[in-house]
Amino acid sequence: MSEYKHQDIEKKWQRFWKENQTFKTEFPSNKPKYYVLDMFPYPSGAGLHVGHPLGYIATDIVARYKRLKGYNVLHPMGYDSFGLPAEQYAVQTGQHPAITTENNIARYREQLDNIGFSYDWSREVRTSNPDFYKWTQWIFIKIFNHWYNKESDKAEPIQVLFKKFSENGTKGVKAVCDEDVSTFTAQEWNNFSDEKKHEISLKYRLAYLSNTFVNWCPGLGTVLANEEVKDGVSERGGFPVERKEMAQWSMRITAYAERLLQDLDGLDWSDSIKEQQRYWIGKSKGCMLTFQIAPQPPKGEYSAASSEISGLSDGSSPFGGKGAAGVGGLSVFTTRVDTIYGVTYLTLAPEHELVDKITTPEQKAKVEAYIHYAKNKSELDRQADIKTVTGEFTGAYAINPLNNALIPIWIGEYVLAGYGTGAVMAVPSSDTRDYAFAKHFNLPIINVQEGEKTDITKEDFDPKAGTMINSDFLNGMDVKSALEAMTKRVEELGVGYGKVNFKIRDSIFSRQRYWGEPIPVYFKNGLPYTLDESQLPLELPKIDEYKPTANGEPPLARAKGWVAQEIASPQFFPNSDDSNQKASPQPLSKGEGLSGKASPQPLSKGEGLSKNYSHHTANKEIWQTLKTNARDNRKNPTEFEELMWQNLRNEKLGYKIRRQHPIDNFIADFICVPKRLIIEIDGDIHLSKENIEYDNYRTSLLNNLGYQVLRFSNTEVKENISKVCNKIKEKLDSLPSITTNDASTAPLSFGEGLGVRHQYPLETSTMPGWAGSSWYFLRYMDAKNESEFASKAALDYWQDVDLYLGGSEHATGHLLYSRFWHKFLYDLGYVKTKEYAKKLINQGMISSYSYFVDSYKGIIWQDGNGTELALLANGVSFISSVNRKDQEVIVNGQKLSNCYFKKRIRIPIEYIENNVVHKEKLEEFIKNDPLFDSYNINIDFNNVVYEKDNSGREFVSTHSEVEKMSKSKYNVVNPDDIVSKYGADTLRMYEMFLGPLELSKPWSTSSISGVSRFLRNVWKMFYDENGKFLVTDETPNDKELKALHKTIKKVEEDIERFSFNTSVSTFMVCVNELSDLKCHKRAILSDFLIILAPYAPHIAEELWEALGNKNGISYSTFPKHDEKYLIESSFEYPISINGKVRHKMNFPANMDLKQLENEALSTPEIIKWLEGKTPKKVIVVPNKIVNVVL
RNA sequence: GCGGCUGUGGCGAAAUUGGCAGACGCACUAGACUUAGGAUCUAGCGGGCAACCAUGGGGGUUCAAGUCCCUCCAGCCGCACCA
């Protein structure tokens, strides 16, 4: 091959890698492991632009490098394929999001393949694939079935909690749980019904359902997590978000707050991300204080410092347990308990539950008005004007627990309901917000600190400066000791205790959306239960439309038969401490499973129960028998049954009723399936005590299966059939219909061997976007495993991610939740590492140049407000800057100045050549672009100014701005175009060459030619222009070896510290040097190709093959540099006088320093600079520099 | 307001531990080859005629500072009444 034909070469080797499965990861393996991971992409419809592959190229270089270094490399890719855009598209078009997603993934894959990545595609994961989300649901179930024990500081099975409850009640249980849990004794607990126990447990589980204020986004029809809301609008789509109270699933991430914070220290992540997480977790050490509410508001003026309630000044504890009007104390969290003598008022959040109780009648109207005002203020508004001070006095007073001072209680929106206790003790002398509030409402201010920087009105105010004053026993202390002393004192007094508070909130886990993982939960009597693991995956149902239902339920509520079959016994039987053990099936007792007269043989214990079927399930053989028996029964009805049938059949009562139908191990006489009603006619023998007992037992079993049972005796049927029918009808009317896939047969469709069970409605919300991404990195370790999320062997071997690369926008979302889930799995013993990603790099964004041309002409005038308006040929538009060229004109009788003005017109980047747009291109753009009208309203291209270049070609000058790459900005550069024009290797190297990985930088296609030329120069070392192969077997000389070995050394160092841009420069220098040396020697070029291969794998493979190698370059060995080739025999010393380089001299590298100094000082050039003075000092740094100080 | 990051030629940048600032590349200029050039090759390329001046500004430490310290400024990102 004579020319460097990148298209052919790249396709060839991409095919080679695919056919040879070159990058399939070995497992098991004796090699050391290296796991390098990209944050997987959401496959958007727009496809990749050149910014996306930046990180992928970097990780690919590392992966290929590590393979050459002998590592077993895990380098996978997949898709975060659940998400809003596909669903929004589905809502609009009705196309199933799976189809949209599939198409988008296909396009992504094509684009990725073009760039020659070395992913092991056999491990691809997609979060929307049931094989994958089965395990996301599985983890959810695990989370649901665990609680957080603060004593052991880890998650433990809920059964352990149950055991504690049954032994000691709530006493001694230290759990992370809801605020409103009640206490009970072991005896009380043991007397609770199972359902009650379950209900209580919901307040302890790590996944729980609760009514919370959520970020409701009507535009998207879903709730959003805090980090999905930016500036009061949704991060995706920018729709307004409001506070709304809804029942929602949450994850108790707060339980892990401390560990999430602590373990950040050991992570090699950027400071920025770690800081953001620290801030988000928001740990603050402080003190929880209780202020009693004063019994009666005092008349007249009060003075915060001195007013004491009469009779209480003896210092005795005045208010016992309860304060005024039966209201308990008011809890306040403060980080500055040392300033308690400076408290002059308390402020509650308007939503605070005590507000209602303590507000005095006189203040009620005002307070209510204020609450109304605060409530109706949207989040956005609240954030927008934080400067405005608002609030209202409740009329109530609290008592300072330290000095019994009376302090008024206010409400104010500056206090957040969600933080701390929703109440603050205000110290206007030490807190700027409190100060602003106090100033605004004329509340007293007591200084409790003195000294420098303690004046709150001054710029340099430092809240922790100075020493304490006006603070009793604290006086004279600094803030730190005062804090300690006061914390101790309040604990002694029993009015408070030291407490650590976290800002982080439990994360809302439900989304009212279709395109997400269904939450594997059903509801029985209003309480949530998880599905049995054997029922996973709970697949997304088909639905007719992807919108919420008419009454606002999530889209899944549209699904027919969105019900669960309960197959495990309820999870609240703590049979064992092993959380993983399923509740054991309850065997059928003797005689059960029999119906009517022609009964099959009774089943004995365990008999007929296949291991795979739950205890309510008959196996196929029994089912066949039941079916046969039922058919016989139908053929030979008793007279009573026949009479009944004639009255029930053909929907005579308004409901379809079947007769002689198998239900699990029974045959029911009559059944109305959608109503779950069974009607039995019992013969007279049923009057015996034993039979009644048995009937009752059977009824209860059927009840457990979800059926109601009506029993009539033969006599009742015979004597008053209409009464019987009325009773049945009444019952049917009262029962809710249970919809199923096919109400006529579903519960009876027994073909799979599954019996009829009670069906319960399933949860209709789905999981949030971050669910799948919180653990996908583990799935890659064993992506095809059907029985576990990953095998122990794989988890033990791969351990964690060695290098994780992705955008910093996930700082408090994915990167926090995934750490949380990983710690949870760590607690359960599934993973061995506390953190899953040792090293994280956030690649910078690649921005782009947007190009504009100016069009001039129009009329400008000022409106009444002095705003300048421009009148265009076809309309009026506001412009901010004008270039005037005054000319007077008359418009509507008014004298106006006729100005030329500048209007920016966006020109798509593909029409730009060397920063100008040629006339024919501009015309083509106007003609071709369908979006032209919508993007460039009011544009008159006749007014652009054309210039001519040397060849007479007309063009228009443009100016450019660096902006985010986006479709709407007309500045997107598609990697496919770059690959087809310059090749994937050029793209890869150029992306790296742009600059440091972490920094944002603008893309400039014109600069790519340098890298392109470089690769052609590499080619030229192997082939001349006639295609003659130039490589020789000559022995390399020292210069060539030096050029090679310093490159090996530098490239290796660069990759190890992720400095890819400098490697590219190094390669260029090396090729320049070898070209100057006219080096075509195999020994040199062969090693050069190996070190180049991670960056430019295609050309490296091609030339490697040309050198006669058969096996591909990917698993060759990275050469080791040899220092002996790098040693210089001499060094050219810069000789500087007083730090300024004046001369250069060559000395042997190992020369004696004193001798060197002497020689340097005796050189004429230096003597000239010495001007006869004796140097004060001469510094000689070996092989660096000589500095003469005069 | 708070936190993090970043400021070096016309542009992207390099200088890893303080030791010749601007490597490497783009753009540009001149020349060569050529019917042609969006090809290739050669040379030049921070500013200044020069002494010198230059790493956002100012100050400091040091024989020596882009690099360390203080201070101010600008840009980007994140958070934002967190008690």
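To find a chain, count down the sequence lines: A is the first, B the second, and so on, and within it residues start at 1.
- With both ends at atom P, the span from G10(B) to C45(B) equals 15 Å, rounded to whole Å.
- As a whole-Å value, the separation of Ile281(A) CD1 from G78(B) P is 19 Å.
- Note on Asn1187(A): every side-chain N or O is 4.0 Å or more away from OP1 and OP2 of C20(B).
- Between C63(B), C20(B), A23(B), one nucleotide has an atom nearer to the side chain of Ser1065(A) than all others, and that is A23(B).
- Distance from the side chain of Lys503(A) is smallest for C82(B) among the nucleotides C81(B), C82(B), A14(B).
- Side-chain proximity of Ser272(A) to U16(B), A83(B), G4(B): nearest is G4(B).
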CA sep, side-chain torsions, deciding dist, call: Arg336(A), Asp338(A), salt bridge (charged side-chain N to carboxylate O under 4.0 Å, His left out): CA-CA 5 Å; Arg336(A) 292 297 305 278; Asp338(A) 58 306; 2.9 Å; yes
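- Each of Leu999(A) and Asp434(A) has a nearest nucleotide on RNA chain B; the 5'-most of these lies closest to Leu999(A).
- Rounded to the nearest Å, the gap between the P atom of A13(B) and that of A21(B) is 23 Å.
- Among the nucleotides G19(B), A83(B), G78(B), the one closest to any side-chain atom of Gln276(A) is G78(B).
- Closest to the Ser1009(A) side chain, of the nucleotides A27(B), G78(B), A83(B), is A27(B).
- For U16(B), its base sits under 3.5 Å from the side chain of Lys1050(A) at one donor and acceptor pair at least.
- Put simply, CG on Leu994(A) is 16 Å from P on C11(B), counting in whole angstrom units.
- Rounded to an integer number of Å, the gap from OH of Tyr279(A) to P of C79(B) is 10 Å.
- When the side-chain nitrogen and oxygen atoms of Asn1061(A) are compared with OP1 and OP2 of A14(B), one or more of them lie within a distance under 4.0 Å.
- Rounded to an integer number of Å, the gap from NZ of Lys285(A) to C1' of C82(B) is 17 Å.
- Listed nucleotides: U16(B), G4(B), A13(B). Nearest to the side chain of Asp271(A): G4(B).
- Between the P atom of C63(B) and the NZ atom of Lys1177(A) lies a distance of 5 Å, rounded to the nearest Å.
- Neither OP1 nor OP2 of C79(B) sits under 4.0 Å from any side-chain N or O of Arg278(A).
- For C20(B), its base never sits under 3.5 Å from the side chain of Lys1184(A) at any donor and acceptor pair.
- Cation-pi contact between Lys503(A) and Tyr279(A): present, with separation from the ring centre below 6.0 Å and deviation from the ring axis of at most 45°.
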Which nucleotides of RNA chain B pair, in dot-bracket form (Watson-Crick or G-U under 3.5 Å, | meaning another strand): (((((((..(((......[....))).(((((.......))))).((....))..(((((..]....))))))))))))....
Taking only N/O atoms, report every protein-nucleotides 30-39 of chain B pair under 3.5 Å with atom names and distance.
from   : atom 1 : to        : atom 2 : distance (Å)
G38(B) : N2     : Lys981(A) : NZ     : 2.9

